[in-house]
Amino acid sequence: MKTTAGAIDIAQEAVTELREALARAGIRLPSLGLDVVTLAADPPGPLVELGCCTVETARLLAAALPPGEESRS
């Protein structure tokens with residue numbers, strides 16, 4: 001069973017990993033972080049809050065994702 005601190009630490013590590021991966025692709029999500037409401041649950045079930053982004057950032061995200069199976073030949 002995960003401890004409260006352990007679940008939050010794991011979630012924060014995931015946020016850090018995502019932030020770093022996005023930065024390597026030239027993408028910054030200013031609101032990226034943990035959703036505080038889900039941290040208050042007992043036990044906590046942390047969710048990652050991606051937040052809002054500009055149209056330009058949305059396009060950068062779309063371009064950074066690999067094509068789906070239907071697009072591969």
Taking every heavy atom of Ala64 against every heavy atom of Ile27, the minimum-distance pair comes out as CB-CD1, 4.1 Å
To the nearest 0.5 angstrom, please state how far the CD atom of Gln12 sits from the CG atom of Leu34. 4.5 Å
Residue of the set Leu29, Leu50, Leu60 for which side chain to side chain contact (heavy atoms under 4.5 Å, CB included) holds with Leu22: Leu29
Specify the closest pair of heavy atoms between Asp35 and Glu49, including all atoms of both residues, with the distance to one decimal. OD1-OE1, 3.9 Å
Heavy-atom closest contact (Pro46 atom, Thr38 atom, distance): CA-OG1, 3.5 Å
Counting heavy atoms not belonging to Arg59, are there more than 12 under 6.0 Å from its CZ? no
